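Comments concern the structure below.
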Amino acid sequence: MRKTAYISSIVLGVILIIAGVGTWILVSSELADQNIVVADDASCLAGDEVNGPFSAYCEAEIIEHHALDATGGLTYAELDRDDPLRAVAQSAAFLRSSLFTSVVAFGVAAMAVLMGIVFVLIGLGMKDVGERTLSA
């Protein structure tokens, strides 16, 4: 039973690591394919290509800043339905949501890799304890 448990733990850990790395690479390459560059007036990573969690976050923040400047500080929900600036606020909200979704995806990918490492270590620890118990 112990052998099945430690092998399962190691296999699950390796699967999580592969899935996490694969997700990170996929999200990063999809963002890079969009050729987005963090605006020059951003408070962080200005001019950086958006291809990771930090650059995606910085771009989302500057989009909000620009949208609020354009709408006089009003959000989509605060603008009149007939206000032509509502489309600007809507586009900004959509873009920010998309960028924040990628930030979350990067976080989930990193968590999967870390959990994978933990499962591999648990499996190796169970194997070591089993070997020591048998040799004692």
Side-chain angles (χ1 to χ4, degrees):
M1 182 67 174
R2 181 179 292 134
K3 184 175 182 179
T4 302
Y6 84 73
I7 289 172
S8 298
S9 181
I10 292 171
V11 168
L12 177 60
V14 170
I15 290 170
L16 283 168
I17 292 168
I18 292 169
V21 169
T23 300
W24 187 284
I25 291 169
L26 176 69
V27 174
S28 181
S29 67
E30 288 296 317
L31 276 175
D33 288 348
Q34 300 304 310
N35 297 316
I36 304 167
V37 176
V38 179
D40 289 335
D41 59 339
S43 62
C44 55
L45 299 177
D48 191 29
E49 179 183 352
V50 177
N51 60 3
F54 300 111
S55 57
Y57 176 82
C58 291
E59 180 63 13
E61 289 300 303
I62 196 63
I63 287 172
E64 178 184 43
H65 177 75
H66 289 167
L68 291 174
D69 278 352
T71 62
L74 298 175
T75 64
Y76 173 79
E78 296 170 325
L79 291 165
D80 266 352
R81 289 183 182 204
D82 298 327
D83 192 329
L85 291 176
R86 199 162 196 230
V88 171
Q90 182 180 28
S91 292
F94 172 76
L95 292 169
R96 291 186 76 232
S97 294
S98 295
L99 288 166
F100 283 136
T101 299
S102 68
V103 171
V104 170
F106 281 117
V108 170
M111 183 181 68
V113 170
L114 292 175
M115 290 302 298
I117 292 168
V118 167
F119 274 102
V120 168
L121 292 174
I122 288 170
L124 292 174
M126 288 172 30
K127 180 179 185 238
D128 184 54
V129 167
E131 289 172 352
R132 288 182 187 201
T133 303
L134 291 176
S135 64

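On a predicted model such as this, the values are computed, not experimentally measured, just so you know.
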Under a 3.5 Å distance rule, please check whether [X] uses its side chain to pair with a backbone N or O of [Y] as donor and acceptor.
| X | Y | value |
| --- | --- | --- |
| S9 | A5 | no |
| E49 | N35 | no |
| S102 | L99 | yes |
| D83 | L85 | yes |

Under 4.5 Å between side-chain heavy atoms, hopping through other hydrophobics if needed: is there a path connecting [X] to [Y]?
| X | Y | answer |
| --- | --- | --- |
| I17 | I122 | yes |
| L31 | I63 | yes |
| I10 | I18 | yes |
| V37 | L45 | no |
| L12 | I7 | no |

Please report the shortest heavy-atom distance between [X] and [Y], naming the atom on each side.
| X | Y | result |
| --- | --- | --- |
| A105 | T23 | O-CG2, 4.3 Å |
| S55 | D48 | CB-OD2, 3.6 Å |
| V38 | E59 | CA-OE1, 3.0 Å |
| A109 | G20 | CB-O, 3.3 Å |
| A56 | V103 | CB-CG2, 3.8 Å |
| S28 | N51 | OG-O, 2.8 Å |

* Asked: Rounded to the nearest 0.5 Å, how far does CG of L74 lie from CG of D80?
  -> 9.5 Å
* Asked: To the nearest 0.5 Å, how far apart are OG in S91 and CZ in R96?
  -> 13.5 Å
* To do: Apply side chain to side chain contact (heavy atoms under 4.5 Å, CB included) to the pair M126 and K3, showing each step before the final yes or no.
  => CA-CA 8 Å; M126 288 172 30; K3 184 175 182 179; over 6 Å; no
* Residue pair V108 / V104, side-chain heavy-atom distance below 4.5 Å -> yes
* **Pairs where residues 65-79 contributes a residue and the test side chain to side chain donor-acceptor pair (under 3.5 Å) is met, not counting sequence neighbours** => D41-H66, H65-D69, T75-E78
* If a pair satisfies ring pair (Phe, Tyr, Trp, His ring centres under 6.0 Å) and one of its residues is in residues 28-49, list it, with sequence neighbours excluded. => none
* Quick one: list whatever passes salt bridge (Lys or Arg N to Asp or Glu O under 4.0 Å) with E30, sequence neighbours left out. => none
* Quick one: salt bridge (Lys or Arg N to Asp or Glu O under 4.0 Å) partners of R86, sequence neighbours excluded? -> none
* Structure fact -> Sorted by chain and residue number, the ring pair (Phe, Tyr, Trp, His ring centres under 6.0 Å) partners of F100 (sequence neighbours excluded) come out as Y57
* Structure fact -> Hits for ring pair (Phe, Tyr, Trp, His ring centres under 6.0 Å) against F119, two or more places apart or cross-chain, chain-then-number order -> none
